[in-house]
Amino acid sequence: MFETLQSQPADKILALMKAFREDPREEKIDLGVGVYKDAEGRTPVMRAIKTAEKQLWECEETKSYVGLVGDPGFADAMIGLILSDAVAREAVAAAATPGGTGAVRQCLEMAKMANPDVRVYVSDPTWPNHLSIMKFMGIETHAYRYFDAETRGVNFGGMIEDLKATKPGDVVLLHGCCHNPTGANLNTSQWKEVVSVLQETGATPMIDIAYQGFGDGLEADAEGTRLVASSMPETLIAASCSKNFGVYRERAGLAMAVSQDSGAKMLNQDTLAFLNRQNYSFPPDHGARLVTMVLTDPALRADWEAELEEVRTGMLELRGQLAGELQRASGSDRFGFLAQHRGMFSRLGADAALVDQLREQHAIYMVGDSRMNIAGLNARTVPILAEAIVKVGI
Ligand code: LMR
């Protein structure tokens, strides 16, 4: 029967990771996959996570199952981090998931259970795996305009116009912060306008928040999500701990369903538990437990927040340096947007042929749509990248 299988298109980001690994050139620079790297190119275990891990090793007495939706303490800690007191805890149903991708999948599953004909509106562009998952699930997707190829900012007029076409039963997928792949984000008044359009059309927002703390800070990065969740009757939220806690391979994430109707919580909670059971039974616990320990122990939390802030400001500095180098190398201000973008990514706005040239001629790896991971740079490689960008004629 296996002969009936058809080969699937390779995930572009993961294929790039492989190509980079196999490239023998010593001077190669990896600006591909969204993994944080320090100035030495390492992805360290964060200090507070390491300490929590030691403590856990000392005190953990069993590896028995936890619960279908994971440890409620994890959900409480993450809901506090993301939503603070924007909505009552009673309004939020939540289930731990394997990473942020697991949370995206479970939120979409829940939307599809609620409306088998659900249409999901996604930003153009969005994280490619959003589209791939929805295609696999047979969910119809529609793009709303988002990235302005000229300014490299948000085409907000286009976005609003497209969102006005949504209707009740539709889902609108939004990036909570640090838009992947563009780095172009909504400001507060734009978030408010998105909320009022969705309130008018009756569509349900779903927020993917995978980079809280990487943009303007932990609180500022959650502002849009809090505004949406407190203003809309229902909101789905998929959160990842991979990046901001650096626990990528542990697979820690949380799917949330917020409902202002207090009577809905139990059904929402049961639905998320059912979905976990159908898809993988119990979610992974190790990473979630470490995150819970870090968030609930004041000393560990302070250390984590301090390290996360170093990561964030380090990326901001790299943005400033790169914009400056490009200004020098190109003699123009046309790359100023790099300093305005926030998060791990920026979309340069170059076509695939130029991205290929950067890889082939300069051993610089970025995703084909010209998304680059700013954290892949350091003080030494910033000028090398700037020279190469100008040389290939971007
Ligand atoms: C990325 O966008 O590079 C990350 O979210 C990693 C992934 O799984 O694609």
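Atoms within a ligand are numbered from 1 in the order they appear, just like the ligands themselves.
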task: Could you check atom 4 (C) of ligand 1 against the protein and tell me its nearest heavy-atom contact, residue, atom and distance included?
output: Lys243 NZ, 3.1 Å

field: Protein residue, atom and distance nearest to atom 8 (O) of ligand 1, heavy-atom basis
entry: Trp127 CZ2, 3.6 Å

- prompt: Which of the numbered atoms in ligand 1 are below 4.0 angstrom from a heavy atom of Arg371?
  reply: 1 (C), 2 (O), 3 (O)

query: Do Arg289 and Glu53 meet the salt-bridge criterion of a basic N to acidic O distance under 4.0 Å?
result: no

message: Does Arg249, at its CZ atom, have more than 12 non-hydrogen atoms belonging to other residues, nucleotides or ligands within less than 6.0 Å?
response: no

message: Tell me if the aromatic rings of Tyr65 and Phe282 count as close, with their centers under 6.0 Å from one another.
response: yes

field: Proximity winner for atom 6 (C) of ligand 1, if only heavy atoms of Val33, Thr101, Asp11 are counted
entry: Val33

message: Test ring pair (Phe, Tyr, Trp, His ring centres under 6.0 Å) on Tyr211 and His179; report intermediate values, then the result.
response: CA-CA 9 Å; Tyr211 295 89; His179 186 266; over 10 Å; no

query: For atom 3 (O) of ligand 1, which protein heavy atom lies nearest, and how many Å away is it?
result: Gly34 N, 2.7 Å

task: Please confirm whether Lys28 makes a cation-pi placement over Phe20, using NZ or CZ under 6.0 Å from the six-membered ring centre and within 45° of the ring normal.
output: yes

- prompt: Does ligand 1 have any atom sitting under 4.0 Å from a heavy atom of Met344?
  reply: no

task: Work out whether the distance between some heavy atom of Tyr248 and some atom of ligand 1 is less than 4.0 Å.
output: no

query: Does some non-hydrogen atom of Asn129 fall short of 4.0 Å from ligand 1?
result: no

query: Does Phe214 have Arg312 sitting over its ring (NZ/CZ under 6.0 Å from centre, angle to axis within 45°)?
result: no

